[in-house]
S.K.: 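Before anything else, here's the structure in question.
Keep in mind the model is a prediction, meaning the values are calculated, not measured. So you know, we letter chains A, B, ... as the sequences are listed, proteins then strands, and number each from 1.
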Number of protein chains: 2
Amino acid sequence: MLQLVRSLGLHKPDETPCGQPVSIGEAHALLEIAREPGMTQNGLAARLHLEKSTISRLAGLLEGRGWVRRVRDDRDARFIRLQLTRRGVTAHANIAASRSAKFNRIFDAIPADRRNDVVQALSVLLEVTRDT
Amino acid sequence: MLQLVRSLGLHKPDETPCGQPVSIGEAHALLEIAREPGMTQNGLAARLHLEKSTISRLAGLLEGRGWVRRVRDDRDARFIRLQLTRRGVTAHANIAASRSAKFNRIFDAIPADRRNDVVQALSVLLEVTRDT
DNA sequence: ACTACTTAGTTGTATCCTCGAACCATCGTG
DNA sequence: CACGATGGTTCGAGGATACAACTAAGTAGT
């Protein structure tokens, strides 16, 4: 399992060789914001298992790239809601595409009769680890 | 898959809550040296997908902890062979134990009738990604 | 209302890990 | 013996993260 992680190259913050070089944290953030628009920074921190200070900086960075909009909540001005901008949406799409390209290469290397098993197993594993 | 990585908490360099706090790089290095004693630093760099400079420091760090011995090769004095010391072996054992404890918790959470599938799938996945 | 507690986010400081480039030592070859 | 290749080390820089101190905004108890 350790070896798997290493083989996948989760070391350097370049990770996805897409249009723009994106750190792993940014990619995950984009993914989560896309999945749940209007998410607060704290919520994102919880999802990513990161400190709120880290998220604050990360959000600022994404805002700086023009990928994310930070808007104060009307009801409760403490909250900052995160949304993808138009450019953010396309950026996320690009990243997702290059990611699936990468995984497709791996997937293709798996014997055809095992592919289903692997996918099933991973989703089981994900389910289990999600709430640990 | 991304989510899986995140769920496993591969973020902060504490990782394995064993006796001594060990960075993820150190843990992997220990694992590889244990697997193949007498490995050179360059060899380790290749295994871990890290720069030789990084390995140099890492090796120095492990040597500083008294876990690794660095010996010049007799035949070719350019090589430095890496070996675990006695303490290094026990340290590696501790880390491995805490790691499997962690994975056992995950494993236990997997429905019993799926466990075998998951293990099989992971080994297939590892095989495939190893040489990518 | 007033005060105290909680919550969301920001900023500052420190640490850790990594890379790239410049450098040294050693080996092999013509 | 000079030259290029190979293994390691050192130096400087950058990125990501945590923790702690701080501000701002809401909430609850009195």
S.K.: Toward the 5' end of DNA chain C, which comes first, B:R75 or A:R57, by nearest nucleotide?
M.R.: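 Closest to the 5' end, via its nearest nucleotide, is A:R57.
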S.K.: Any idea which of D:dA5, D:dT9, D:dA16 is nearest the A:E26 side chain?
M.R.: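 Between D:dA5, D:dT9, D:dA16, the one nearest the side chain of A:E26 would be D:dA16.
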S.K.: Pick base, sugar-phosphate or nothing for B:R70, based on heavy-atom distances below 4.0 Å to the nucleic acid.
M.R.: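 Counting heavy atoms under 4.0 Å across all strands, the contact made by B:R70 is with sugar-phosphate only.
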S.K.: Could you say whether B:F79 or A:L58 is positioned toward the 5' end of DNA chain D, judged by the nucleotide with the nearest heavy atom to each?
M.R.: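 Taking each residue's closest nucleotide, the earlier one in sequence belongs to B:F79.
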S.K.: To the side chain of A:L61, which of D:dA16, C:dT10, D:dG8 is closest?
M.R.: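 Selected nucleotide: D:dA16.
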S.K.: Establish whether the base of D:dC11 is bridged to the side chain of B:S53 by a donor-acceptor pair shorter than 3.5 Å.
M.R.: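 Between D:dC11 and B:S53, which were checked side chain against base, a qualifying N/O pair under 3.5 Å is absent.
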S.K.: Mind listing the closest non-hydrogen atom pair of A:I55 and A:Q41 along with its distance?
M.R.: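 Reported closest heavy-atom pair: CG2-O, 3.6 Å.
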S.K.: Without decimals, in angstroms, what is the distance between A:H28 NE2 and D:dT17 C1'?
M.R.: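 Rounded to the whole Å, the gap is 15 Å.
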S.K.: With distance as the sole test, does B:R47 use its side chain to make a donor-acceptor pair with the main-chain N or O of B:E32 at under 3.5 Å?
M.R.: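 No: the side chain of B:R47 does not pair with the backbone of B:E32.
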S.K.: Indicate yes or no for a side-chain donor-acceptor contact from A:T85 to the backbone of A:G66 under 3.5 Å, with no hydrogens or angles considered.
M.R.: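 Yes; judged by distance alone, with no hydrogens or angles, the pair exists.
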S.K.: Nearest whole Å is fine: how far is D:dG7 P from B:M39 CE?
M.R.: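 To the nearest whole Å, that distance equals 13 Å.
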S.K.: To the nearest Å, give me how far apart CG (B:N42) and P (D:dA5) are.
M.R.: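 In whole Å, D:dA5 P lies 16 Å from B:N42 CG.
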S.K.: Whole Å only: how far is the NE2 atom of B:H49 from the P atom of C:dC19?
M.R.: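 Whole-Å distance recorded here is 11 Å.
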S.K.: Round to a whole Å and report the spacing from CZ of A:R72 to P of C:dT7.
M.R.: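 Atom-to-atom, A:R72 to C:dT7, this comes out as 17 Å.
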S.K.: In plain terms, say whether B:R75 and B:D73 are close enough for a salt bridge, that is, a side-chain N and a carboxylate O under 4.0 Å apart.
M.R.: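 Answer for the salt bridge query: no.
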S.K.: From the set C:dT26, C:dG9, D:dA18, return the single nucleotide nearest to any side-chain atom of A:Q41.
M.R.: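 For the A:Q41 side chain, the nearest candidate turns out to be C:dG9.
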S.K.: According to a strict under-4.0 Å criterion, is B:T54 in side-chain N/O contact with OP1 or OP2 of C:dC19?
M.R.: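 For B:T54, the contact criterion (side-chain N or O under 4.0 Å from OP1 or OP2 of C:dC19) is met.
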S.K.: How many Å lie between CG on A:D73 and P on C:dA8, as a whole number?
M.R.: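 In whole Å, C:dA8 P lies 12 Å from A:D73 CG.
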S.K.: What are the two closest non-hydrogen atoms of B:A34 and B:L84, and how far apart are they?
M.R.: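 Closest approach of B:A34 to B:L84, heavy atoms only: CB-CD1, 3.7 Å.
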S.K.: Please say yes or no: joined through hydrophobic side-chain contacts below 4.5 Å, possibly via intermediate residues, are A:L48 and A:V68 part of one cluster?
M.R.: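 Same hydrophobic cluster.
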S.K.: Whole-Å distance between D:dA25 C1' and A:K52 NZ?
M.R.: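 About 13 Å, once rounded to whole Å.
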S.K.: Looking only at side-chain N and O atoms, does A:S56 come under 4.0 Å of OP1 or OP2 in C:dG9?
M.R.: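 Indeed not, no polar side-chain atom of A:S56 lies that close.
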S.K.: Closest approach to the side chain of B:E51, judged atom by atom: which nucleotide of C:dA25, C:dC19, C:dA8 is it?
M.R.: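 Nearest to the side-chain atoms of B:E51, counting from C-beta on, is C:dC19.
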S.K.: Of the nucleotides C:dC27, C:dG9, C:dC17, which has the atom closest to the B:D76 side chain?
M.R.: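 Of all the options, the side chain of B:D76 is nearest to C:dC27.
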S.K.: Provide, to the nearest angstrom, the distance between the CD1 atom belonging to A:I55 and the C1' atom belonging to D:dG15.
M.R.: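 Rounded to whole Å, this separation is 15 Å.
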S.K.: Which sits closer to the 5' end of DNA chain D, A:G25 or A:A77, going by the nucleotide each is nearest to?
M.R.: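 This one resolves to A:G25.
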S.K.: Out of D:dG8, D:dA16, C:dC19, which has the shortest distance to the side chain of B:L50?
M.R.: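 Of D:dG8, D:dA16, C:dC19, C:dC19 is nearest to the side chain of B:L50.
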